[in-house]
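All remarks here apply to the structure that follows.
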Amino acid sequence: MLEKTFDPKSVEPRLYLKWETSGLFAPKADAKAAPFSIVIPPPNVTGSLHVGHALNNTLQDVLTRFHRMRGEAALWLPGTDHAGIATQMVVERQLAAKGNEGRREMGREAFVKKVWEWKGESGGAIVRQLRRLGSSCDWSRERFTLDEGLSAAVRKVFVTLHKEGLIYRDKRLVNWHPELQTAISDLEVENVEVNGHMWRFRYPVEGADGQSIVVATTRPETMLGDTAVAVHPDDERYKALVGRMVRLPLTDRLIPIVADAYADPEKGTGAVKITPAHDFNDFQVGKRHNLPLINVFTPEARMNDEVPPAYRGLDRFEARKRVVADLDALGALDGVENHRLMQPFDEKSKSVVIEPYLTDQWYVDAATLAKPALAAVEDGRTVIEPKNWEKTYFEWLRNIEPWCISRQLWWGHRIPAWYGPDGHAFVEETEAAAIAAARVHYGSAQPLVQDEDVLDTWFSSALWPFSTLGWPEKSADLARFYPTSVLITAGDIIFFWVARMMMMGLHFMGEVPFRKVFLNALVLDDKGQKMSKVKGNVIDPLELIDAYGADALRFTMVAITGQTRHVRLSRQRVEGYRNFGTKLWNAARFCQMNECVSDEAFDPGAAKLTVNRWIRSETVRTIAEVTAALEACAFDDVAAALYRFIWNVFCDWHLELAKPVLNGDDEAAKAETRVMTAWVLDVCLKLLHPVMPFLTEELWDKLAEFGAKRTCMLIVAPWPEAPAAWIDDAAREEVDLVIEAVTEGRSVRAELNVPPSARPPLHLPEVSKAHRAIYEANEAVIASTLRISELKFTPAPAGSIPFVVDGDTLALPVAEFVDLEAEKARLRKAIGELDSDIERTRKKLDNPDFLSRARPEVVEENRERQAEAEAAKAKLQGALQRLEGLG
RNA sequence: GGGCGGCUAGCUCAGCUGGUCAGAGCGUCUGGUUUACACCCAGAAGGUCGGGGGUUCGAACCCCUCGCCGCCCACCA
């Protein structure tokens with residue numbers, strides 16, 4: 001006998017271990033099986049499972065398990081990302097906390113070794129947590145972005161793109177992180193609106209006594225690097241000044257006034273200071289006018305030696321104050337206002353101001369790679385869902401900028417470039433190859449120095465779909481599983497990752513990396529707030545698993561995933577789905593108590609009893625519904641269909657309707673109902689397994705204690721078929737009628753739950769008021785469905801309604817239950833309502849506009865509805881007549 | 001500045017290409033010691049589908065407009 005409730009805590013670890021050790025997570029080797037593959041969005045090794053992971057890995061697991069049960073060679077390939085900046089910072093912080101010497105003191109080699117040590121000790125947390133969630137990843141294929149294999153792929157890609165001219169070195173402005181002292185990509189910058197000031201400075205025009213031009217700025221310290229002032233060519237105010245020079249205060253440098261359309265007469269004063277080395281726009285202006293670039297910052301964003309001695313070594317914000325004060329003292333400060341401005345911060349800490357900074361970096365020609373990536377989505381080789389993300393994807397790729405891929409970090413893939421004594425770069429996959437190339441180039445062996453930088457973490461991530469499958473080797477996995485079937489990831493990395501995988505996959509494999517991209521929503525808290533440690537509203541999925549079990553959390557994740565970009569997670573909802581699991585558990589318990597044992601030889605198609613033919617129909621419909629929803633990634637529909645069927649159909653109705661049969665003494669009927677019920681329960685377990693793997697697997701096992709043993713674990717049990725022939729419309733109509741009757745009335749079920757010996761008469765009038773007439777018209781059907789023939793009816797007193805059950809005319813006392821007049825009034829009212837329905841529909845059907853405009857099936861529906869309404873009306877009228885005859 | 005979402009019962013959300021679409025879950029209230037389940041069962045209340053206008057025989061669903069809320073992108077005068 002099953003316990004009263006499911007105990008996730010003891011079952012989950014046991015089952016997971018059983019699955020994993022059975023090797024069932026690996027795709028079957030059977031070459032005939034259709035491949036299905038997903039590569040995991042590799043979580044950072046430093047990470048721990050957050051709700052976003054819980055959501056997106058649940059969805060991946062649901063699909064993987066579904067396809068596995070369908071007999072496909074289902075591969076879910078797991079792995080982790082070395083996460084350059086994040087990991088390096090974690091280890092640095094840890095070193096500092098332990099009082100060890102810092103990164104720079106210990107040197108590159110020692111530091112990297114430390115990081116590897118750290119990875120070995122602490123890097124496994126996230127994959128253990130994925131297991132707790134129930135993720136059926138093939139751990140034998142687990143990869144890490146810094147694996148030797150993946151590193152080889154990275155080098156090959158880098159070298160190939162370089163040879164193709166798609167990777168190049170360039171000196172231009174980058175987003176510079178002054179604290180980490182590394183370049184970061186555009187995407188790693190977050191613009192935040194902050195309160196600031198707008199200062200106006202007067203720059204004296206040289207040779208024009210007393211005349212000056214007023215420029216506005218939010219970053220006064222950069223004025224020390226100004227190399228021009230720009231005005232709009234058509235700006236009448238300044239036309240005369242174009243070509244003149246101004247004397248830059250504090251520096252005494254002479255800089256020109258140039259005409260450039262970039263200067264917006266509407267903004268500020270219409271004259272804008274140009275600092276080509278510290279502003280992306282100014283950089284462009286500088287290029288157009290051939291202006292010198294004066295870098296005034298050190299890598300830590302302190303003032304360097306290009307500025308007058310008084311400012312050297314000052315932090316940029318300190319320098320800002322000093323510059324303003326000094327200009328004010330000189331009388332060059334024209335004014336200052338409060339100003340809201342967008343300031344770039346680093347998106348991780350959101351506290352470090354990013355500076356445009358002039359450096360040499362490696363770039364990918366993203367615009368060229370973007371073209372095939374655009375085309376692939378445009379022509380549907382890859383489908384992005386929800387569809388509305390496609391526009392976002394197109395927009396970004398169409399306006400893409402060169403991708404800065406070098407980082408001044410130590411943890412990551414070192415750039416495979418070696419420099420000769422004259423600075424010439426040899427880009428090769430190995431140092432040996434670089435040396436060889438240098439020998440050819442120089443005509444003799446020369447000492448080479450490898451580039452100090454590493455690659456942006458996203459560079460290796462971009463190769464993930466094929467590098468993890470063995471590329472550049474021509475591996476069997478690569479041939480079999482690329483392109484992958486679907487990618488499930490969070491929408492916020494569509495640029496960082498999805499778009500770049502598309503670019504790299506198409507370029508190196510000549511084929512899209514995935515057929516479908518499903519972008520899951522951002523998980524908010526129950527109040528719709530973004531979760532953040534600062535706000536303290538972070539929901540910990542592991543804590544939810546502890547409290548309600550992994551299955552409940554998983555079901556919740558599936559249920560909240562629709563077409564929207566945001567979903568809210570509430571404990572209450574998880575609790576509700578835990579209850580759902582318990583409901584099924586108890587249904588199974590009921591089945592077990594009633595000896596409902598599944599039988600492989602049972603043919604559901606041969607069922608005779610109405611109630612059994614009915615539940616078979618409902619089951620088949622549900623199988624079709626769930627299957628279709630899974631195929632379409634309509635996860636909310638999957639959850640809704642399962643919930644409704646298992647709770648509201650199977651438990652609420654089938655088990656209730658089966659009770660009288662199971663408690664009766666028609667042995668044939670009992671036997672059929674038992675085996676059918678067991679069959680339906682098995683189907684429930686199978687359909688629910690992808691979403692709630694633990695509970696279902698446990699029941700699958702426990703239910704086989706009696707009866708035949710299972711031939712396999714549920715995880716690899718065949719997905720149920722849905723033969724249309726098993727849908728029995730007649731049975732469905734009959735039982736629908738009963739359900740409708742019961743639902744409209746009080747509670748037949750309450751009566752049926754009483755042991756047969758103690759049962760009072762069936763309170764028909766209580767069953768249905770409005771539908772009593774219909775009920776009467778179908779009494780025989782109902783009787784056979786519910787097997788109420790076993791009930792003992794009290795003898796009919798005078799003035800009772802005749803009631804036919806299994807050929808015997810019984811009678812129900814009327815006076816006791818029915819107010820005849822009220823009943824007649826109800827019937828008349830119902831008839832009246834039907835009449836107006838019929839009238840309305842008739843009008844519609846007579847309307848030529850409707851007939852010509854509405855779709856044919858809608859017209860057909862209306863016709864059917866009309867016929868039904870008329871039939872119902874006839875029935876009601878018959879019933880009314882009968883009642884009138886009694887009166 | 002550009003783009004994208006959302007605004008449907010107290011709360012969270014379903015409502016497919018216009019024609020039983022005004023729904024579900026939770027919450028609330030009422031009633032249940034029904035031997036699978038109180039993590040349960042039965043029932044009730046509650047919404048002019050953000051406002052306004054339009055198209056249509058018919059609109060929560062299409063168009064226009066306004067209003068909030070949120071997100072993403074954008075060269076920080």
Side-chain angles (χ1 to χ4, degrees), chain A residues 2 4-6 186-187 191-194 196 198-200 215-219 222 230 262-264 266-273 279-285 339-344 353-354 356 386 388-389 391-392 395-396 399 491-492 494-495 522 524 526-530 548 552 559-560 562-570 572-573 575-594 634 636-637 640 643-644 648 651-652 655-656 659 743 746-747 749-755 837 841 843-844 847-850 853-855 858-859 861-862 865:
Chain A
L2 290 167
K4 254 197 157 178
T5 53
F6 171 63
D186 299 346
L187 291 172
N191 291 302
V192 182
E193 197 177 47
V194 297
M198 169 111 79
W199 288 271
R200 288 191 310 274
V215 296
T217 182
T218 55
R219 294 191 304 156
T222 63
Y262 163 67
D264 182 351
E266 305 294 315
K267 278 186 181 168
T269 62
V272 55
K273 63 192 267 311
D279 184 286
F280 289 101
N281 293 310
D282 294 5
F283 184 79
Q284 298 301 326
V285 176
H339 183 68
R340 296 284 290 170
L341 68 144
M342 296 296 279
Q343 201 167 27
V353 176
I354 299 303
N388 58 40
W389 279 101
K391 197 160 181 176
T392 310
E395 207 53 36
W396 188 70
N399 300 304
D492 58 4
I494 185 170
F495 305 140
L522 181 70
L524 308 173
D526 56 347
K527 293 184 185 64
Q529 298 283 310
K530 226 172 174 165
Y548 304 109
I560 61 180
Q563 298 291 302
T564 52
R565 291 191 175 194
H566 307 279
V567 292
R568 299 188 189 196
L569 177 66
S570 73
Q572 201 179 39
R573 197 139 180 201
E575 189 179 337
Y577 292 133
R578 187 271 319 264
N579 296 353
F580 169 66
T582 308
K583 184 72 180 175
L584 176 62
W585 182 267
N586 276 291
R589 199 158 169 260
F590 172 86
C591 292
Q592 202 182 47
M593 287 168 135
N594 283 282
D636 47 352
D637 290 347
Y643 191 94
R644 212 164 290 155
N648 303 120
C651 292
D652 285 355
L655 294 186
E656 295 302 334
K659 279 175 185 174
T743 308
R746 275 295 141 74
S747 81
R749 266 186 285 172
E751 304 301 331
L752 293 175
N753 279 331
V754 177
D837 270 1
T841 310
K843 247 186 178 168
K844 193 189 270 192
N847 185 339
D849 282 324
F850 170 65
R853 283 163 180 270
R855 288 165 304 154
V858 171
V859 176
E861 270 173 29
N862 276 276
R865 204 180 305 145

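Quick note on labels: first sequence line is chain A, next is B, and so on, each numbered from 1. Note: hydrogens, waters and symmetry copies are ignored here, and every other heavy atom, side chains too, is used.
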* To do: Please work out if A/Arg644 contacts a base, only the sugar-phosphate, or nothing of the nucleic acid, heavy-atom cut-off 4.0 Å.
  => nothing
* Asked: Mind checking who B/U56 pairs with, Watson-Crick or G-U wobble, both distances under 3.5 Å?
  -> none
* Structure fact -> When A/Leu187 and A/Thr217 are each assigned the nearest nucleotide of RNA chain B, the 5'-most assignment goes to A/Leu187
Scan nucleotides 3-5 of chain B against the protein and return all N/O pairs shorter than 3.5 Å with their distances rounded to 0.1 Å.
{"from": "B/C4", "atom 1": "OP1", "to": "A/Lys391", "atom 2": "NZ", "distance (Å)": "2.8"}
{"from": "B/C4", "atom 1": "O2'", "to": "A/Arg565", "atom 2": "NH2", "distance (Å)": "3.4"}

* To do: Would you mind classifying the nucleic acid contact of A/Ala588 as base, sugar-phosphate or nothing, using non-hydrogen atoms under 4.0 angstrom?
  => nothing
* **Short side-chain to backbone donor-acceptor contact, A/Arg578 and A/Ala552, under 3.5 Å** => no
Nucleotide N/O of nucleotides 25-32 of chain B paired with protein N/O under 3.5 Å:
{"from": "B/C26", "atom 1": "O2'", "to": "A/Gln572", "atom 2": "OE1", "distance (Å)": "2.8"}
{"from": "B/C26", "atom 1": "O2'", "to": "A/Gln572", "atom 2": "NE2", "distance (Å)": "2.9"}

* Structure fact -> Tightest non-hydrogen contact, residues A/Thr222 and A/Lys273, listed as OG1-NZ, 2.7 Å
* **Separation of the C1' atoms in B/G43 and B/C49, to the nearest angstrom** => 26 Å
* Asked: Which is true for A/Tyr262 with a 4.0 Å heavy-atom rule: it touches a base, it touches only sugar-phosphate, or it touches nothing?
  -> base
* NA contact type, A/Asn594, heavy-atom cut-off 4.0 Å: base, sugar-phosphate, or nothing? -> nothing
* When the nearest nucleotide of RNA chain B is assigned to A/Thr582 and to A/Ile354 on a heavy-atom basis, which residue is associated with the more 5' position? -> A/Thr582
* Asked: Where is the tightest heavy-atom contact between A/Thr582 and A/Thr5, given as atom of each residue plus distance?
  -> CG2-CG2, 3.9 Å
* Structure fact -> If pairing means Watson-Crick or G-U wobble with both distances under 3.5 Å, then the partner of B/G18 is none
* To do: Provide the Watson-Crick or G-U wobble partner of B/G67, both distances under 3.5 Å; none if there is no partner.
  => B/C7
* Asked: A/Lys273 near the nucleic acid: base, sugar-phosphate alone, or nothing, with a heavy-atom cut-off under 4.0 Å?
  -> nothing
* To do: Could you tell me whether A/Met342 contacts a base, only the sugar-phosphate backbone, or nothing, with contacts defined as non-hydrogen atoms closer than 4.0 Å?
  => base
* Structure fact -> Checking N1-N3 plus N6-O4 or O6-N4 for Watson-Crick, or N1-O2 and O6-N3 for wobble, each under 3.5 Å, the partner of B/C13 is B/G23
* Structure fact -> Taking a pair to mean Watson-Crick or G-U wobble geometry with both distances below 3.5 Å, B/A77 pairs with none
* Using the P atom in both, what is the distance from B/C37 to B/G51, to the nearest Å? -> 47 Å
* Side chain A/Arg589 and base B/C37 donor-acceptor under 3.5 Å -> no
* Asked: With both distances kept under 3.5 Å, what pairs with B/G43, Watson-Crick or G-U wobble?
  -> B/C29
